[in-house]
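One structure below.
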Amino acid sequence: MKAQPAASHFIDGAFVEDTAGAPIEVIYSATGEVIARLHEATPALIDRALAAAARAQAEWAAVRPVDRARILRRAADLIRDRAEELARLEALDTGKPIQETRVADWPSGADALEYFAGLAPTVTGETIPLGRDFIYTLREPLGVCVGIGAWNYPSQIACWKSAPALALGNAMVFKPSEVTPLGALKLAEIYAEAGLPAGLFNVVQGRGAVGATLVTDARVAKVSLTGSVPTGRKVYAAAAEGMRHVTMELGGKSPLIIFDDANLEDAVGAALMANFYSAGQVCSNGTRVFVQKGLKDAFLARVKARAQAIVMGDPLDDATQMGPLVSEPQLDKVMGYIEIAKREGARLVTGGARADLNTGYYVQPTVFADVTDEMTLAREEVFGPVMAVLDFDTEAEAIARANATEFGLAAGVFTADLTRAHRVISQLQAGTCWINAYNLTPVEGPFGGNKTSGVGRENGHAAVQHYTQVKSVYVGMGPVDASF
Ligand code: NAD
């Protein structure tokens, strides 16, 4: 199995290689096989990418928004035309089942391109009358934006960041995760084919140090990171030095609160999707499932039965519902958390071990019950297929415990009581919430976190504020009233 791209980087409209950069091996996590060999970007290549972006952005900002939009729409069409090839590449890059990558990853990316292509030409300033004089405002691009991606949704992240950036007149230098570097290169190729001028979307590969170099470069106006909270703290602090704009899409330990009156099968289905989709490697996962005591036994019985029916196997097999974790270090981390949960007294309902497939970094869908707020499993992000079920008595208790975390990415509520649903959601400290649904993130809706889970929002109209800045222009229409 090979997925070797033409070169490691895409800079100023062309694939570029420099073997002086440290090697990066791309592993197919279903087998451990090396599927591509890349190199980190050297300082000279990083400089070239930023210089190209700065040059190209100056011209791009002057292009009429509908003309920019047409290119993005063409790119969205190319993504859809190549759906199967891209779904396969994403499965190889991440180890996620092709069942998922066909419907979630690139399709969501194409939606973002189409959405921001439609939105950008509608972005306007305002006129503020002052009697004789007036002020008008312009919404201008920020300039060169840096995008840094996590490994769980590599193509979607590249699209969610680049689509609003480009549509609104910015350029981007994107650094994918070193674990999943392939999708972003494909996106660069597609943008070029769609007619995006050279230099506007550049991809440089590398580990954290390459990201850190980008974040502090004087040419950079904005940094958008998707990653963990510890990385977010470093990147936010580094960006602050130059007063750069930031969007931080970070981790979570999100609560999913299920009341006694909820539809059981829907609540179970949502809890399974909120913990086992992408083998649990989703930032907004509902990893603290609070179940009201009256429903607890029935809920656990159904969760167990449905979790045990999940089909694991080769991500490229159409029948596979859950693939391996993305890498061996991630496997070790998740198995470590499972051991801690057992040691701390959580009750194992199902799973709890590596899946016996003789290959790859597979972990069984795992459910722990009787989890308490103090346990490590209830406090730290595992990023694997591990569901923690906690039980509760009252609404007030559930809200207080759901909020007792440093994170605030997402939250969900299942109940048949309409007023309770809205009342509970209004009190939850989370940026992205669901009622009787979970983890649906269409591009139309703003997405992002509160508290340590992040700042800023991706998607929706909200993203416009994060890729533009307001210029306020006072127009004097009469003589200057000078005091001196
Ligand atoms: P990570 O924080 O280890 O790495 C994220 C990216 O930051 C990588 O590209 C990495 O190379 C880069 N990086 C690391 N150190 C850096 C530094 N000092 N300066 C600049 N860049 C640096 O995260 P990960 O393990 O790749 O991804 C998993 C994490 O991402 C989880 O915590 C998950 O919750 C989070 N995530 C959040 C969202 C969201 O939208 N909120 C989405 C997906 C993943």
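Atoms within a ligand are numbered from 1 in the order they appear, just like the ligands themselves.
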Protein contact of atom 18 (N) of ligand 1 - nearest heavy atom, named by residue and atom, plus distance = Lys234 CD, 4.0 Å
Closest to atom 27 (O) of ligand 1 among protein heavy atoms sits Ala150 CB, 3.3 Å
Is the shortest side-chain N to carboxylate O distance from Arg102 to Glu84 below 4.0 Å?
-> yes
Considering all heavy atoms of both residues, which atom of Gly352 and which atom of Met335 are nearest to each other, and what is their separation?
-> O-CE, 4.1 Å
Carboxylate-amine/guanidinium proximity below 4.0 Å for Arg244 and Glu241 | no
Taking only heavy atoms of Arg207, which atoms of ligand 1 are found under 4.0 Å from at least one of them?
-> 11 (O)
Per-atom contacts of ligand 1 with Asn152, taking only distances under 4.0 Å to non-hydrogen atoms = 43 (C), 44 (C)
Give a yes/no verdict on whether any heavy atom in Gly454 is under 4.0 Å from an atom of ligand 1.
-> no
Quick one: which of Ser228, Gly147, Gly208 has a heavy atom closest to atom 23 (O) of ligand 1?
-> Ser228
Heavy-atom closest pair (Phe276 atom, Ala307 atom, distance to 0.1 Å) is CE1-CB, 4.1 Å
So is Lys161 actually on top of Tyr467's ring, under 6.0 Å and inside 45° of the axis?
-> no
Flag the pair Asp105 and Lys96 as a salt bridge only when some basic side-chain nitrogen lies within less than 4.0 angstrom of an acidic carboxylate oxygen.
-> yes
Under 4.0 Å to a heavy atom of Glu249 - the qualifying atoms of ligand 1, by number = 37 (C), 38 (C), 39 (C), 40 (O), 41 (N)
Looking only at heavy atoms, is any part of Leu250 under 4.0 Å from ligand 1, and if so is it the side chain, the backbone, or both, or is it neither?
-> backbone
Numbered atoms of ligand 1 (with element) below 4.0 Å of Leu409, judged on heavy atoms = 41 (N)
Of all protein heavy atoms, the one nearest atom 31 (C) of ligand 1 is Glu381 OE1, 3.4 Å
Pull out every atom of ligand 1 sitting under 4.0 Å from any heavy atom of Cys283, numbered as shown with elements.
-> 33 (C), 34 (O), 36 (N), 37 (C), 38 (C), 39 (C), 40 (O), 41 (N), 42 (C), 43 (C), 44 (C)
Answer yes when Arg37 and Glu25 have at least one side-chain N-carboxylate O distance shorter than 4.0 Å, and no when they do not.
-> yes
List the steps and the verdict of side chain to side chain contact (heavy atoms under 4.5 Å, CB included) for Glu100 and Glu90.
-> CA-CA 10 Å; Glu100 282 186 24; Glu90 191 80 350; over 6 Å; no
Considering the heavy atoms of Gly251, write down every atom of ligand 1 situated less than 4.0 Å from one of them.
-> 32 (O), 34 (O)
Which of the listed options, Gly449, Pro329, Gly227, Ala209, holds the heavy atom that is closest to atom 35 (C) of ligand 1?
-> Gly227
Answer yes if the ring centres of Trp160 and Phe116 are under 6.0 angstrom apart, and no otherwise.
-> no
With heavy atoms only and a cut-off of under 4.0 Å, state how Glu178 meets ligand 1: side chain, backbone, both or neither.
-> side chain
Sub-3.5 Å N/O-N/O distance, Ser453 and ligand 1 = no
Under 4.0 Å between heavy atoms, the region of Phe447 that gets near ligand 1 turns out to be side chain
Evaluating non-hydrogen atoms only, which member of Gly149, Ser284, Pro154 is closest to atom 9 (O) of ligand 1?
-> Gly149
Using a 4.0 Å heavy-atom cut-off, say whether Thr226 meets ligand 1 through its side chain, its backbone, both or neither.
-> both
For Trp434, check ring-ring contact (aromatic ring centres under 6.0 Å, His included) against everything at least two apart and list the hits.
-> Tyr438
Decide yes or no on side chain to side chain contact (heavy atoms under 4.5 Å, CB included) for Cys159 and Leu113, but give the supporting numbers first.
-> CA-CA 7 Å; Cys159 290; Leu113 269 57; 3.9 Å; yes
Distance to 0.1 Å, residue and atom name: give those for the protein heavy atom nearest to atom 7 (O) of ligand 1.
-> Ile148 CG2, 3.4 Å
In terms of atom number and element, which parts of ligand 1 are under 4.0 angstrom from non-hydrogen atoms of Thr231?
-> 1 (P), 2 (O), 3 (O), 7 (O), 13 (N), 14 (C), 15 (N), 16 (C), 22 (C)
Lys/Arg N to Asp/Glu carboxylate O, Lys333 vs Glu328, below 4.0 Å | no
protein heavy-atom neighbour closest to atom 28 (C) of ligand 1 works out as Phe383 CE2, 3.7 Å
Would you call Lys186 and Glu85 a salt bridge, using N to O less than 4.0 angstrom?
-> yes
Taking the inter-plane angle between the rings of Tyr115 and His461 on a 0 to 90° scale, is it parallel (under 30°), tilted (30 to 60°) or perpendicular (over 60°)?
-> tilted
Atoms in ligand 1 flagged as close to Ala212, the criterion being non-hydrogen separation under 4.0 Å | 19 (N), 20 (C)
Within reach of ligand 1, part of Leu214 (heavy-atom separation under 4.0 Å) = neither
Would you check whether Trp151 has a nitrogen or oxygen atom less than 3.5 angstrom from a nitrogen or oxygen atom of ligand 1?
-> yes
So is Val282 close enough to ligand 1, meaning a heavy atom under 4.0 angstrom away?
-> no
Pairwise salt bridge (Lys or Arg N to Asp or Glu O under 4.0 Å) hits with a residue in residues 400-410, at least two apart | Arg233-Glu406, Asp373-Arg401, Glu397-Arg401
Honestly, for Glu458 the part within reach of ligand 1 (heavy atoms, under 4.0 Å) is neither
